[in-house]
Structures are given as structure tokens and as C-alpha cells.
Amino acid sequence: MKIGVFDSGYGGLTVLDEFIKQLPEYDYIYLGDNARTPYGTRSFETVYRYTLQSVKKLFELDCNLIILACNTASAKALRSIQQNDLQKIAPERRVLGVIRPSVEALNQLTKTNAVGIFATPGTVASDSYTLEIAKLYPDIKVFQQACPMWVPLVENNEHNSKGADYFVEQCTNKLLRQSSKIDAVILGCTHYPLLVKKIKKFLPKNIKIISQGKIVAPSLKDYLKRHPEIENKLSKNSNIKFYTTDIPELFNEKAGLFLKNSISPNARQIALE
Ligand code: DGL
């Protein structure tokens, strides 16, 4: 059985990239719902419905463990799937998200107990980061900033352009205006690691920037160690398959932006319902 990695589109490839680097032995299936991306501006109901369809498809494709490598899906759908659906559709299998592991790492990163979150409008509106941080570290104050233009910049390969500076600076300024104490910032969206150079340019040097792939991969390693009943069922042939709900040729072309480990995907198209 395989590890499924799901995202609304290409962004989850930044997480898969770290999995391949840090856990190269496993077999992975990546599913990008490119035909219906973005999720960041959609309602709870819609994100939940789309994510559940994707989870069911990845189970059909023989995944034993699925990582929702999409913050919006983790924020709006994960809990319902874990608490209501999993028991009915695949009680022995597991679905995990990216928010919890990102939050767990925080206490080692902030000294001022003031943390910033950059995320899609949907993730910010869900308050998932604030709630999760309050549960684990009630002393940490959270300042969220929605960045609605950052995903389109990356999707359109404009993230290194001069024009991108305007939108990055706009959001970094808005976050900095919320508190002068912030000393750590989570990039709470799969696409944002591609903007990290520009984000660094507009944030004071003392602020640590946390890209999720780097955190989620060791956290998955740790999870697999603690759950041999899941790990034992995983095949280890270093095989990676890619599925998209939109045009495979386009997926193959764009995936290169997000995958640093020189893999050339040969995606297949798949329908979700
Ligand atoms: N993958 C989404 C996330 O991490 C960003 C793209 C989208 O809005 O669908 O929130």
C-alpha cells in the first residue's frame, strides 16, 4: 500500500518533494484536484465535499495513509473526515493534515510568543491555526494575514517577477502592523515556499520563516515510527505516481516549478465524484 498526498492543485508538491527527500523508500501517489483549484476561496461545504471525494479516490488507489498537503483542506475538511467518515469508509486507514505538525514545531521557534501566519483567505477564516495553537500553546499569540494574491502569482509563474514584490510587501506590511513582537512566521499555504525569497526581503531578519514541507516530513517519519500497524503495510519501491483532475500535459509542465528533486511526472487524468 502507498502514501497518498493530496492537494487542491500543485502546491502539495512542495510537501511531496520533502517526503521524497526525507523518506525516499516509500511509494507515493500524488493527487491534484487541478480542475477545481483554488480551494482557498471556497465554502466549508464545498472544500469538505471535494476533499472527501479525493480521499475516497486515494483509498481506491490503495493508499493506507493520506496526507492532506493542503492547508485549506486540512482546515476545512480534515476533522470531519477523521471523526465522521473514516469509520465508515476505511476504519483501518488514516488521514492526516499539515496544520497540526506545523503548530507543534512552534514552541521551539518563538521566543516572544508572538507568531504570524500567512495563509489563504479560507484558512484564515477557518481560524484553524489560532485554535490549534491555543490548544497546544495557550501562551502564544497568533496574528493571521490572508494573502489572496500569492497563490495566483505562483500558479502563473510570476512569483519571481518585480510585480510580485508589490503583493508580497503589501501582506508582510499588514502582518507587521498587527504586532511588533512577531519573531516567527508560518507559511500556512503550500504555494508560499516558492515566494520565500521575496517574503524574506520584506520581513525583518530576526523573524524566522517556517516552510511546511521541512516540518511535515520529519513529523511523518515520527508518525510512521509510532504506528507500525500503518507502516508495516506500506510498500517500499520508491515509486511515485501522479494523478490530476485536469490536463496531464499541463500538470507535467507546471509540476517542475514545485518539485526540486529532479522528478519528471507522467501524470494521468482522473475523475472525482
Ligand atoms: N493548497 C492550498 C493551501 O495550502 C492553496 C491553493 C488553493 O487555494 O487551493 O491552502
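Order of listing sets the numbers, starting from 1, for every ligand and every atom in it. Side chains are part of it too, since the values below use all heavy atoms of this structure and drop only hydrogens, waters and symmetry mates.
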Q) Looking only at non-hydrogen atoms, which of Thr123, Asp33, Asn71 approaches atom 3 (C) of ligand 1 most closely? A) Asn71

Q | Those atoms of ligand 1 less than 4.0 Å from some heavy atom in Tyr39 | A | 7 (C), 8 (O), 9 (O)

(Q) Distance under 4.0 Å to a non-hydrogen atom of Asp7: what atoms of ligand 1 satisfy this? (A) 1 (N)

(Q) Is there a polar contact between ligand 1 and Gly40, counting only N or O atoms under 3.5 Å apart? (A) yes

Verify the distance criterion only: is there a donor paired with an acceptor across the side chains of [X] and [Y] at less than 3.5 Å?
X      : Y      : value
Gln144 : Thr130 : yes
Tyr26  : Asn237 : no
Asn64  : Glu231 : no

Q. With backbone taken as N, CA, C and O and side chain as the heavy atoms from C-beta onward, which portion of Thr190 lies under 4.0 Å from ligand 1: side chain, backbone, both, or neither?
A. both

Q. For ligand 1, which part of Ser8 has a heavy atom less than 4.0 Å away: the side chain, the backbone, both, or neither?
A. side chain

Q: Consider ligand 1: state whether an atom of it lies below 4.0 angstrom from any non-hydrogen atom of Gly9.
A: no

Q.
Just to confirm my output: which protein heavy-atom neighbour is closest to atom 5 (C) of ligand 1, and how far is it?
A. Cys189 SG, 3.5 Å

Q: Note the single closest protein heavy atom to atom 10 (O) of ligand 1, along with its residue, its atom name and the distance in Å.
A: Thr72 OG1, 2.7 Å

**Q.** cation_pi(Lys76, Phe44) dist<6.0 Å, angle<=45
**A.** yes

Q: Taking only Lys NZ, Arg NE, NH1 and NH2, and the carboxylate oxygens of Asp or Glu, determine whether Arg49 and Glu45 approach each other closer than 4.0 Å.
A: yes

Q) Salt bridge between Lys236 and Asp27, side-chain N to carboxylate O under 4.0 Å? A) no

